[in-house]
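Here the structure is a predicted model, which is why all the values come from computation and not from measurement.
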Amino acid sequence: MLCGGELTGRNSVAYGDVYFHKFSEFPESARISVSYCEHLRICPQGYTCCTTEMEENFANISKMEFDNSLRESSLSVQGLLFTQNRNFDRYFLDLFNKSEQILMDTFPNLYGELYTQNDGKIFRDLYIELRQYYRGSGVNLEEALTEFWSHLLERVFKTQNSQFTFSYEYLDCLAKQYDQLKPFGDIPREMKLKATRAFIAARSFVQGLGAAADIVRKVTQTFLLYANPNIVPFGK
């Protein structure tokens with residue numbers, strides 16, 4: 001690796017210069033010393049300027065430089081993935097929060113009592129569940145959207161028939177007939193389709209970026225620990 005093949009005095013000086021540059025304690029006179037060595041493990045055996053100490057020093061510094069380079073590359077990739085994760089998360093939540101705010105600002109004027117009953121709780125609950133789903137919770141997205149429209153039907157029905165009092169059983173039966181009644185036309189189906197696609201894609205993407213950064217960290221750490229049993233783990 002260092003002094004292989006037929007070694008001339010010029011080669012020996014060149015290799016000695018490299019070694020002297022790396023290790024200042026290397027004696028000047030040894031730069032041109034050529035001897036026959038059969039005990040080397042890495043350098044080709046034969047006539048060489050390499051001693052056992054030189055070979056070991058070269059191997060150690062090569063390993064150290066490789067490890068440092070691997071660490072730097074790994075941290076660079078991790079940083080890129082974390083930055084993309086943070087930027088996308090910030091962008092998506094900004095759109096999501098603006099959507100919620102627009103709803104809160106617009107619906108009271110358009111739908112009055114329907115929206116303001118319980119301070120718009122039905123709408124706030126939907127956004128809470130959507131936000132929880134995006135964050136990775138076990139919320140069933142389709143069920144959350146279906147329940148929203150069922151609850152909305154109940155509120156609309158009670159508001160439009162406020163002169164009557166309905167039992168829980170009656171309203172529960174009404175909710176169960178939601179698919180047959182289709183009180184909102186195709187709007188719930190279209191909303192469910194679009195929202196499901198958008199949130200599944202957004203959650204998968206942001207989780208993928210986070211997982212990728214973690215995988216890079218763990219693979220690098222595993223390699224370094226395997227190669228260097230005494231190394232201190234990084235990136236924990």
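- A salt bridge does not link Arg124 to Glu100: none of the charged side-chain nitrogens sits closer than 4.0 Å to a carboxylate oxygen.
- Taking all atoms of both residues into account, the shortest heavy-atom contact from Leu130 to Leu145 is CD2-CD2, 4.4 Å.
- From Leu81, atom CG reaches atom CG of Leu209 across 6.5 Å, with rounding to the nearest 0.5 Å.
- Here the side chain of Asn161 pairs a donor or acceptor atom with the backbone of Phe157 at under 3.5 angstrom.
- Among Ile215, Val216, Asp214, Thr220, the one residue that satisfies the side chain to side chain contact (heavy atoms under 4.5 Å, CB included) test with Lys218 is Asp214.
- Formation of a donor-acceptor pair under 3.5 Å by the Asp89 side chain with backbone atoms of Asn85 is not found in this model.
- Counting heavy atoms from C-beta outward, Glu169 and Leu174 have side chains that stay 4.5 Å or more apart.
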Verdict with reasoning, Asn97 to Arg131, per side-chain contact (heavy atoms from CB on, under 4.5 Å)
CA-CA 10 Å; Asn97 293 333; Arg131 188 176 283 106; 2.9 Å; yes

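- Of all non-hydrogen atoms in Ala202 and Phe88, the two that sit nearest each other are O-CE2, 3.7 Å.
- Look at Arg90 and Asp94 and you find no salt bridge, because none of the NZ, NE, NH1 or NH2 atoms lies under 4.0 Å from a carboxylate O.
- In this structure a side-chain-to-backbone donor-acceptor pair under 3.5 Å is present from Thr83 to Gly79.
- To the nearest 0.5 Å, atom CG of residue Asn60 and atom CE of residue Met64 are 9.0 Å apart.
- Note: Phe184 and Trp149 have tilted aromatic rings, judged against thresholds of 30 and 60 degrees for the angle between ring planes.
- Using modelled atom types and a 3.5 Å distance limit, the side chains of Tyr133 and Asn140 yield no donor-acceptor pair.
- Scanning all heavy atoms of the two residues, the minimum distance from Phe199 to Leu141 falls at CB-CD2, 3.8 Å.
- For the atom pair Lys192 NZ and Thr146 OG1, the distance stands at 3.0 Å (nearest 0.5 Å).
- Taken together through direct or relayed side-chain contacts under 4.5 Å among Ile, Leu, Val, Met, Phe, Trp and Tyr, Leu93 and Phe123 form part of one hydrophobic cluster.
- Atom-to-atom distance recorded for Leu193:CG and Glu190:CD is 8.5 Å, nearest 0.5 angstrom.
- Phe166 and Phe164 have tilted rings, their planes meeting at an angle from 30° to 60° on a 0 to 90° scale.
- Between the side chain of Ser204 and the backbone N or O of Ile200 there is at least one donor-acceptor pair closer than 3.5 Å.
- Closest non-hydrogen pair, Val139 versus Glu129, comes out as CG1-O, 3.9 Å.
- Atom OH of Tyr91 has 12 or fewer heavy atoms from other residues, nucleotides or ligands within 6.0 Å.
- If you check the side chains of Ser74 and Gln78, you find a donor sitting under 3.5 Å from an acceptor.
- Atom CE in Met191 sits 9.0 Å away from atom OG1 in Thr196 (nearest 0.5 Å).
- Tyr127 and Ser99 make their closest contact through OH-OG, 2.8 Å (heavy atoms, listed as atom of the first residue, atom of the second, distance).
- Separating the CG atom in Leu75 from the CG atom in Leu70 is a distance of 9.5 Å, to the nearest 0.5 Å.
- Within the structure, salt bridge (charged side-chain N to carboxylate O under 4.0 Å, His left out) contacts touching residues 193-211 (residues at least two apart or in different chains) do not occur.
- Phe96 has its ring centre no less than 6.0 Å from the ring centre of Tyr134.
- Phe205 has its side chain out of reach of Phe92: every pair of non-hydrogen atoms, C-beta onward, lies at least 4.5 Å apart.
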